[in-house]
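The structure's right below; bear with me while I get my questions together.
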2 protein chains.
Amino acid sequence: MTGIKALARHLDLSIGTVSRALNDKADVSPATRKRVLAAARELGYRPNHSGRALRQGRTSTIGLVLETGSPASLAGDAFFMQLIDAMQETFSAAGTDLVLLPCRSADDPIEFLRRQVGRRMVDALVITATRRQDPRIAMLVEEGMPFLALGRSGTPGDWPWIDLDFEGVADRAVAELAALGHRRIALVAPRKEVNLAHVWMDGYRAAIRRHGLEEHEGLMLRLSVSENGGRQAAEAVLGMDPRPTALLLVSEMMAPGVYARLGEAGLEPGRDLSVIGFRRNPQLGFLRPELAGFALDLRALGTAVGEAALGLAVSPADPVRLVWPMDYVPAASVRPPPAE
Amino acid sequence: MTGIKALARHLDLSIGTVSRALNDKADVSPATRKRVLAAARELGYRPNHSGRALRQGRTSTIGLVLETGSPASLAGDAFFMQLIDAMQETFSAAGTDLVLLPCRSADDPIEFLRRQVGRRMVDALVITATRRQDPRIAMLVEEGMPFLALGRSGTPGDWPWIDLDFEGVADRAVAELAALGHRRIALVAPRKEVNLAHVWMDGYRAAIRRHGLEEHEGLMLRLSVSENGGRQAAEAVLGMDPRPTALLLVSEMMAPGVYARLGEAGLEPGRDLSVIGFRRNPQLGFLRPELAGFALDLRALGTAVGEAALGLAVSPADPVRLVWPMDYVPAASVRPPPAE
DNA sequence: AGCATTTCTGGAAACGTTTACGACGGAGCC
DNA sequence: GGCTCCGTCGTAAACGTTTCCAGAAATGCT
């Protein structure tokens, strides 16, 4: 393997000069720089990551922690894939690499993170699926590890986060439904104790109250975020008496299940039960009637997340705290409630 | 940050001795070993990954390359999540870490891999979604990078791979259907030019021929592996004249789309069109009638993949070449064809 | 007791890179 | 011509760890 040493010997230069030439440092003549770059390309030289990281004290790598085992994390839709895509594009321009660190849900997430921190293999971490009380955050703050949370948490402190506007979405969705005359609106929240579940339910509760609609804990369903969860949501709504006239889903990926179960009962989404999915998702373009939801530019979000993660190392003060807004897109799955 | 140096000073020992104690080497007395381990735990010492990697010439990390942007890779179901989970369990026992390397489908995969190889950040790579002609394989062989391919390829050579038994599944599925009296069996293959598409179609073709069934290129559909793809498959089948009596899916995740489209046409899976999904998937337990498919123990597969990947570094000779068998599990979605 | 052997420990080199510093040459200036 | 200064390059230390080697202490053997 050609290291910088072999390269220097081949060029009859010192390794110091070669290094400076490769890294665009000042103290090297244009002629030699050109010569070095040519030789490096020819010999296929790639700097050894460990050596560089050891010397520089940083790895130019950022880790995104993902939960494996939980279907809500990466499965169900290409949400994260697209996010990762955009993040990587941003990183790439900054000479940084992205690695995904899968954390087994069976393992202790704290221990997993502590291990990553100790290894110093990444300069910063991006964590997802934040909990209402998330010990990971306190740990990372304590360890002095730069990190960005995708999602808020009740853990106090000035750590950086970016989150979707769950309460804004819930509020707007309820408002749209109320304006059409809906009085009984059921809500689906994740079964898992992630923070967004509570933000989502709080936003819903506040909006229900503000519009003076029917408030009832039984209208809030906790289900797994999956097609099957959607099916169970529809099942539950069908069993309620009086039956809600609208259903608000925490994830649009549940909608196919809802539609299927309604169809089996001879009901039609929109006409018999208004349905609002969370995110407007082109993958679900086949749904009839079209599913109402909220537009989200995943590329823009991914870029923002990427930039925030990059900024972590450079400016630890003034952490990002960003609620990402989403715009309502009406569709035929939302109509006035059926006449009683 | 407490390095081994600080630890040694704190213990009034040489760093050599401390290192040996930590790494379970022979030349250290039980008493000091105990003392060192206690101090390491107390001071929260974690070996620096770069330092160790630099010295040892290996990183104890294996990279799994994933394609982002393509919905078939990680989305659709939790297939990879579960695989990763089991792989990680295997790695963990061997003191190895797993990182996921997302490769943007927009980028050049060769360049991406070359970069990973050059960085020497991982000891071995696991690549997925192998193509029929996959230049990545030739490149990795040439670079001398240990790797394992999840999926076969037409690229010649003795590189290690593990793949599902696509032709076996296609063969058995056709046999089951033929035994029930089906004569016109439609097949769904991925639209993308992955190797498995061809293995799958070849297996199907051979079985069709062997059983003397209706052979016709129009019976083979190339569609995206998604719920919507399943919908399109059903759509296509409905439009065929004469209509096939059975449908063989390359992924069970397409089944909900198939079921939905059939339902809209007033048809019932099993009764009007037999459907076989690829893998038996508990996530799809809600489908009625139950979907026939092939049992696959993802944990066992993940363990096998993990072990093969671990063995890559130790025994480069005699590469793994493994076709993973799957057993047919009948269900109500497969019944004799309707009387003409 | 004397020697050989074992057990434990410290010293130091090495992995590949970056970077502070010093050295050397030539050019410019008085 | 001697001085400074700038441009260019080589030298060497340092990052944190592992591992080889030698040395010291302790033990076993005759």
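Note that the structure is a prediction, hence the values are computed from the model and not measured.
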> Separation of B:Gln56 atom CD from D:dG16 atom P, in whole Å?
Replying inline: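 Those two atoms, CD and P, are 17 Å apart.
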>> What is the separation between atom CG on A:Asp27 and atom C1' on C:dC24, rounded to the nearest whole Å?
In response: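 These atoms are roughly 14 Å apart.
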>> Let's see if you can work this out: which of D:dT19, D:dC15, D:dG16 has an atom nearest to the side-chain heavy atoms of A:Arg55?
In response: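 Output: D:dC15.
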> Nearest of D:dT18, D:dC9, C:dT9 to any side-chain atom of B:Val28?
Replying inline: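 Of the options given, the side chain of B:Val28 lies nearest C:dT9.
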> Does B:Arg46 CZ have over 12 foreign heavy atoms under 6.0 Å away?
Replying inline: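 For B:Arg46, atom CZ is crowded (more than 12 foreign heavy atoms under 6.0 Å).
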> Separation of B:Lys25 atom NZ from C:dT7 atom P, in whole Å?
Replying inline: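 So the NZ-P distance, B:Lys25 to C:dT7, works out to 18 Å.
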> Between B:Arg115 and B:Glu143, is the closest basic N to carboxylate O distance under 4.0 Å?
Replying inline: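 So B:Glu143 does not pair with B:Arg115 through a salt bridge.
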> When we call it a touch if two heavy atoms are under 4.0 Å apart, what does A:Arg58 touch: a base, just sugar-phosphate, or nothing?
Replying inline: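 Result for A:Arg58 = nothing.
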>> Assess whether a salt bridge exists between A:Asp85 and B:Arg104, defined as any Lys/Arg side-chain N lying under 4.0 Å from an Asp/Glu carboxylate O.
In response: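 Looking at B:Arg104 together with A:Asp85, the answer is yes, because their closest N to O distance falls below 4.0 Å.
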>> Under 4.0 Å, counting only non-hydrogen atoms across every strand here, what does B:Gly57 touch: a base, just sugar-phosphate, or nothing?
In response: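 Counting heavy atoms under 4.0 Å across all strands, no contact is made by B:Gly57.
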>> Is the phosphate of D:dT17 approached by B:Ser19 (side-chain N or O, under 4.0 Å from OP1 or OP2)?
In response: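 Checking B:Ser19 against D:dT17: no side-chain N or O falls below 4.0 Å of OP1 or OP2.
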>> In this structure, how many angstroms lie between the P atom of C:dT18 and the CG atom of A:Asp24, rounded?
In response: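 Those two atoms, CG and P, are 12 Å apart.
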>> Strictly below 4.0 Å: does A:Thr32 bring a side-chain N or O up to OP1 or OP2 of D:dC9?
In response: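 Answer is yes, contact under 4.0 Å.
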> To the nearest angstrom, how far is A:Leu13 atom CG from C:dC24 atom P?
Replying inline: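 Interatomic distance, CG of A:Leu13 to P of C:dC24: 18 Å.
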>> Looking at A:Trp161, I'd like to know if the NZ or CZ of A:Arg152 sits under 6.0 Å from its six-membered ring centre while staying within 45 degrees of the ring's axis.
In response: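 Yes, a cation-pi geometry.
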>> Without decimals, in angstroms, what is the distance between B:Asn23 CG and D:dC20 C1'?
In response: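 Rounding to the nearest Å, CG of B:Asn23 and C1' of D:dC20 are 15 Å apart.
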> In terms of side-chain heavy atoms of B:Arg20, which of D:dT19, D:dT17, C:dT19 is nearest?
Replying inline: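 For B:Arg20, the side-chain atoms sit closest to D:dT19.
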> Rounded to whole angstroms, how far apart are CG on B:Leu54 and C1' on D:dT19?
Replying inline: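 Distance check: B:Leu54 CG to D:dT19 C1' gives 14 Å.
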>> If I compare all heavy atoms of B:Val99 with all of A:Met121, which pair ends up nearest, and what's the gap?
In response: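 So the two residues come closest at CG1-CE, 3.9 Å.
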>> With a 4.0 Å limit, can you tell me whether B:Asn48 has a side-chain N or O closer than that to the phosphate oxygens OP1/OP2 of D:dC15?
In response: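 B:Asn48 to D:dC15 OP1/OP2: no side-chain N or O under 4.0 Å.
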> If only side-chain N and O atoms of B:Thr17 are considered, is one of them under 4.0 Å from the OP1 or OP2 phosphate oxygen of C:dG10?
Replying inline: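 So the side chain of B:Thr17 is within the cut-off, an N or O lying under 4.0 Å from OP1 or OP2 of C:dG10.
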> Is any side-chain N or O of B:Arg52 closer than 4.0 Å to OP1 or OP2 of D:dG16?
Replying inline: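 Indeed not, no polar side-chain atom of B:Arg52 lies that close.
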> Between A:Lys5 and C:dT17, does any side-chain N or O lie under 4.0 Å from OP1 or OP2?
Replying inline: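 Looking at the OP1 and OP2 atoms of C:dT17, neither is under 4.0 Å from any side-chain N or O of A:Lys5.
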> How many Å lie between CG on B:Asp123 and P on C:dC15, as a whole number?
Replying inline: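 Checked: the CG to P distance equals 18 Å.
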